[in-house]
Structures are given as structure tokens and as C-alpha cells.
2 protein chains.
Amino acid sequence: MDIQQVAKRANVSTATVSRVLNGFPGVRPKTVDKVQRAVADLNYVPNPNARSLRVGSTRLFGLIVSDVNNQFFPELIDAFEALASAEGIDVIFTHTNYDLKRLHRCVRRMIERSVDAIAIMTSEVEEDSLKQVHKAGIPVVLMNQRRYAAKYPSIPVEYTTGFREALDHLLSLGHRDIGFIAGPQNLNSARGRKDAFRTALRKHGLHVRSEWIAEGDMRVEGGRIAMQKLLEANPRPTAVIATNDMMAVGALQAAHAARVSVPKNLSLIGFDDIPIASLVRPSLSTIRHPRREVAARAFNCLQSALKGEIVNGGPTLHPHLVIRNSTAPPARKSRNACK
Amino acid sequence: MDIQQVAKRANVSTATVSRVLNGFPGVRPKTVDKVQRAVADLNYVPNPNARSLRVGSTRLFGLIVSDVNNQFFPELIDAFEALASAEGIDVIFTHTNYDLKRLHRCVRRMIERSVDAIAIMTSEVEEDSLKQVHKAGIPVVLMNQRRYAAKYPSIPVEYTTGFREALDHLLSLGHRDIGFIAGPQNLNSARGRKDAFRTALRKHGLHVRSEWIAEGDMRVEGGRIAMQKLLEANPRPTAVIATNDMMAVGALQAAHAARVSVPKNLSLIGFDDIPIASLVRPSLSTIRHPRREVAARAFNCLQSALKGEIVNGGPTLHPHLVIRNSTAPPARKSRNACK
DNA sequence: CTGAAAGCGCTTACAG
DNA sequence: CTGAAAGCGCTTACAG
């Protein structure tokens, strides 16, 4: 079933059919009618490959995320996909599992599929992959990769504000001994969050004690193990902030297993505000990451780039603290962390 | 950058380049070498649209699910995508949000994109959409849609065993008054699960009391509301089974809010065993749905169909009970639900 | 073992 | 307002 048969049935040329199909102006209403009827009668669906081959655009976007099992990403995917769908654009998506080697392969696949544009919404990014995309002449947008923001548009998400709010909250409750569950330091976003934590801490004249910092893999299990370590510290922190909610949830599990009551004996704050954060017990105080906004920005950014506009990531987004039930005043009088 | 330039650089015809690229046998090693070098030098990437146009296959599969925010589906997507990726197949995916109208549009998009095959892994399906796919000559596979299994391959997942195990477990703990949180009865999977619950109950000579059955929207919020209703029943059930874990989690929240302690004063069992089930407190006893197995079956099914084989969904999969901490003996002596 | 050439199904300048 | 025809970049019978 091709455009020729439609043309024949409607007694017009394929050029005219194409014009009608694409809604070009300047076709007689009667002709439009004839063609539309023929299309309907034959149940004709245009071949997108032929179109793409001719036009050079696939109306296909690529979306790469870190981890589908972290609820942060399905929401981002959902938002991105909805916008694309509204514009008649389909999305192929892959995830890297926080693995840069996989990123490289993902990018490669997208290029081979000749997508029109790629959104790389991962925690970390690596220059080779970006160069590859650049060489292929495909617009790309990143999420909060300040390091590459000069060369590639990147939606900027600032972490300091959120951490400052979290810290202010903890301090106002009376905490002084504050621990941190970091993410793998080869991930840009994990590094950024750790830096933001440190900055916020120093601003209040608090020192960062290395035994109060543990590292996890961004997943629940990593958070659990990290918290076990923090609980062994002596003295141990009265409050802990985790780099993301997945790890905060794991931390909560570990505290529970160790019979440390949250928030009575330990306050806990996460980051992201994924749905699970409000479902665990106690519900998690967390720093809300505006991921739908990020997705929308990313999508619009790519659209603009395709129109030939010069784009950047736009104004910086600021996550804010959401207070729930995992934070409370410290049980005993807090010791001062600064010697 | 096209195959001609590669051909020119390698001093061969485009036919030969194509043969090398596709790994056809019977090309002289030296020639293969020349071509490969030219490909590498020019950083050549074949145009998949041209290939698809010529060959008539896109190496693109469509995957439709119900809800990305139910962790059940990201895992299924992940498994499906991994298999596809290993075969050099890309996946475009959409979700219906449990809405049949959206299913229709999703299917339409997939057809327009001329995917090679479609996996419709939703809770419910509707004949019009299936007919559309059928007319387009595209292989399709469903998830547990017995009603359509005669016409379209459907991966069969049986619910009765799981519910029987759940019920046996509750009965052995001493429960007789068992409530149920159903899903919307226009969803096939929700109907199936409710039927399975009823069947299991009758088998034990227990009656189904209508005030012990509430309906929710498959999401956390729906489970919460449904549980509120069940808690108002008098007498109220001592144990509740929910159609899926998302609703079970909501039910847990509602119980907690009403100061009904789980499992001390109320036992609760979910269905699916999504990651969150083991992360809430108490961790949920639930019936584990083998979704990765479903995804693998679905993928293989589509592959076989494309080879022209006659396919069916294969042997029935049986979800089994996983016992955690949300079930315990009833607090008081259980009353008998049968008058 | 390799090449010349047709053709997949569209779109789009060009001509009228 | 509409049509004839070229061409997008591949693959693949066919011929040698």
C-alpha cells in the first residue's frame, strides 16, 4: 500500500497526495476531499522510512537515563515522552545503569538509528560520547553537567540551596553532628551534591568529619550499607543527609534493623522526592528535584536547537526542602562536631 | 556521508560495501579489509531509513505498558529492552495510563512508525486496537488476555495458585474474615485477580462479603481510599488482600493513619512484588509476578512470529506467595465470616 | 568474488 | 492549483 495507489484511486498525482497528507496550503478543497477519501478507503498509512529518507528527519528523539528502577527516571521519561508525543515525535530510550561504558553504546545506538536529537539525562556523562554526537551533527542536551555546559546545553540544577535549607532545618532542630551518604564520586551529580553539602556545612562553621561520610551506589542497597557504616561511628551523627532518596530509603532500613528509631534517635533527609519518599515510614523529609521541569526544558531545548536557534539550558532550577516525618530534634543534647 | 563515498574510497562498488557491512560471506578478506578501513576512516554510519525502506523491516519494536509509575512496568520495560538491544533492535515505548482510548492512540503511533512488532503489556486491551494491528500485518503479543488468546498470542499468567497460597497462609494464621481491594473491573487483569480471589475463597467454604470488598484505581491513592472503606466495615476483616502492591502500599498508609497496626491488628497481602513491597514497613507479604519472565516470553514470541512461526504464549506462569512481615495471626479470636 | 542497475515509497523544486 | 520526474541511501537479484 503506497502513495501511488492512493494517487491512482483519487485520480491525482502522488505529489498532490503528499501535499494533502502534509497539510500544505493551496490544494483545492475538492481535491483534498478526494484524496482523503482514498486514504480512508485504502486504510493508507505513510511509510515513515521513505519520508525520513527523503526529508532527512526522523521525528525520533533519543532519551538516555541512568536507571529505570529509580523512580526519579520514569517520571522524567513520562514527562519527556508526553511532550514528544504531542508533537508527533516518538522516543526511543535506553538506560546506562550508571555505567559510562553503557552510555557510549547507548549513544552509538541512537546515532545509528539516526534520531533527530538526544537528551542525555544521566548522572554522569563523558566527553567521548558527546563528541560522537557532535560529530554526527545531532543536537544534544544534558542534565546539570556544568563541566560540559560551555559546549553542550545543560539544564542547570543547583544543589546548594536545597542543602542549605536541609541544614538550616536540622540546625534549627538542634542538630550539630551531621553525616552524609554520598554517591559514587565518579558520577557528576553525586560529586555536585557532596560539594553542596560540604559548602552548606562550612557556611555554618561546621566541620566535615570523614567518619561521618559514607559512600553508596545510588540504590537502596548502597544506602543500607552506607548507613550501617555511619551507625558504627563513635560518636555517631544525630542526623544524616543522603544523596538521593533511594539511598535514604536504604538508610532507613538499616536504621530500623539496628533498632535506631528515625526520627527519634536519628534524623534523615533524602534528595529527589520520588514517590516512595512519602510512602516509607516515617515518611522522608527530602529535597525535591524538579524533574518534570527538567524534562520539559530538555525537550524544548532540543526543539529549539533543531530550528537552528542557539540554545542554552535556561535559568537555574533550585530544588527545595520538603519537610515530612524523618526529622526531629536530637534525642540527647547534641555534642559539638567542631573540636 | 553515504555508502557511495565509502565505495569510492575503498575502490569497490556499493554492493560490496553493503555486503561487508552486513557480514555476508563470500567477500575476499582483502576486500573486507579495504572496506572496513574506509568505513572507519570516514566514520560512516549507515542510514537505517534507507535500509528499512529497501528491506521492509525497521528493527524497531513497540512496547506499550499501563503505567510507568508502577514499578512493575519499568522492570518489564527494562527486561524487554535488554533483550531487544542484544539483537540490535530498538524499542519505542508508550504507556496508556490504564486508559483504553490512549491504547488506541499508542497502537496507531506504533503502526505509523512501522515497527516490526508490538508487545501490548497492559492490564487491559480492546479489540479495535488489536484489529488495527492485525490489519497492518504486524505481529503482536499480549499479557494474560485470555479473552483474546485464541486470536493473538498472550503470555498466560495464572492468578489462582497465588491467591490460594495467600489464602492458605492467612487461614493457617487463623484468619477467617478476609477482605479484598479490587482493581477497576473494566481492566482485565483486575477482573482476573478478583475472580481468582473469589475462587480461592469459595474453595475454602468462605463467603465473599460485599462490604469487605472495595475497589481502587491500581495506584497508591486508590488503595488508601479503599482501605479506609474496609476499615469502616463492622465487623471488619482481619486480613486484606490487594490486587496489586501499589494499592497495598496505599492500604498500609490508610491503616497506619487509622492507628490500625499491621500486622498486629490487620494482616495485609499485596500482589506483584515490586521493589517497594520490601521497603515499606512492615514489609509486604505479596504474590510475586514473574514480570521479567513475561517480558522475555513476549520478546521471543514476537521474534518467532517475525520468522513466520506459528506462536502461542507458551506454558502458563504461576505467581507465588512471598511471605514477609505484613501478616500475623489475628489479634482477637476470629469470628466466622459465614453466618 | 564483484559490479551495474533497479527499486523501496516518499517529497519537492520545477514547470505549466 | 496540479503533475512529471528526480533523488534521498540503501539492498539485491542478475550477470559475469
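Because only heavy atoms are used, hydrogens play no part in the values below, and waters and symmetry mates are left out as well, while side chains stay in. Letters A, B, ... mirror the listed sequences (proteins, then strands); counts begin at 1.
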Centroid-centroid distance, B:F73 to B:H95, less than 6.0 Å: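 No.
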What is the distance, to the nearest angstrom, from the [atom1] atom on [X] to the [atom2] atom on [N]?
X: A:N47; N: C:dG7; atom1: CG; atom2: C1'; answer: 13 Å
X: B:L53; N: D:dT12; atom1: CG; atom2: C1'; answer: 14 Å
X: B:K30; N: C:dT2; atom1: NZ; atom2: C1'; answer: 15 Å
X: A:R59; N: C:dC10; atom1: CZ; atom2: P; answer: 17 Å
X: B:Q4; N: C:dA6; atom1: CD; atom2: P; answer: 14 Å
X: B:N22; N: D:dT12; atom1: CG; atom2: C1'; answer: 11 Å
X: B:R54; N: D:dG9; atom1: CZ; atom2: C1'; answer: 11 Å
X: A:I3; N: D:dA5; atom1: CD1; atom2: P; answer: 17 Å

Residues [X] and [Y]: side-chain donor-acceptor under 3.5 angstrom:
X: B:N188; Y: B:E124; value: no
X: B:Q132; Y: B:S129; value: no
X: A:R109; Y: B:S85; value: yes

Aromatic ring pairing A:F80/A:F61, orientation class (parallel under 30°, perpendicular over 60°, tilted between):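 Geometry flag for A:F61 against A:F80: tilted rings.
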G-U wobble or Watson-Crick pairing nucleotide for C:dA4 (cut-off 3.5 Å, both distances):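 Here C:dA4 is not engaged in any pair, so there is no nucleotide opposite it.
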Partner nucleotide, any strand, of D:dA13 [Watson-Crick/G-U, under 3.5 Å]: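 No nucleotide pairs with D:dA13.
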Residue pair B:V65, B:I77: steps toward the side-chain contact (heavy atoms from CB on, under 4.5 Å) verdict: CA-CA 8 Å; B:V65 302; B:I77 295 171; 4.0 Å; yes
What nucleotide, of [options], holds the atom closest to the side chain of [X]?
X: B:P46; options: C:dA5, D:dT2, D:dC10; value: D:dC10
X: A:V12; options: D:dT11, D:dG3, D:dT2; value: D:dG3
X: A:R51; options: C:dC10, D:dG9, D:dC1; value: C:dC10
X: B:R19; options: D:dA13, C:dC10, D:dT2; value: D:dA13
X: B:A50; options: C:dA4, C:dT2, D:dC10; value: D:dC10
X: A:T16; options: C:dT11, D:dG3, D:dT11; value: D:dG3
X: A:F24; options: C:dG3, C:dT12, C:dC10; value: C:dT12
X: A:S13; options: D:dA4, C:dT2, C:dA5; value: D:dA4

Sugar-phosphate, base or nothing in reach of B:P48, heavy atoms under 4.0 Å: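 No contact.
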Sugar-phosphate, base or nothing in reach of B:S52, heavy atoms under 4.0 Å: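 Contact class for B:S52: none.
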Residue whose nearest DNA chain C nucleotide is more 5′ - B:R28 or B:V55: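 First, find each residue's nearest nucleotide; the 5'-ward one identifies B:R28.
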A:N49 side-chain N/O to C:dC10 phosphate OP1/OP2 under 4.0 Å: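 No, because none of the side-chain N or O atoms of A:N49 sits under 4.0 Å from OP1 or OP2 of C:dC10.
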C1' atoms of D:dG16 and D:dT12, separation to the nearest Å: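 The same atom, C1', in both gives a distance of 16 Å.
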Rounded distance in Å between the P positions of D:dA5 and D:dC1: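 These two P atoms come out 24 Å apart once rounded.
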5' precedence on DNA chain D between A:G26 and A:T14 (nearest-nucleotide basis):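 Of the two residues, A:G26 wins.
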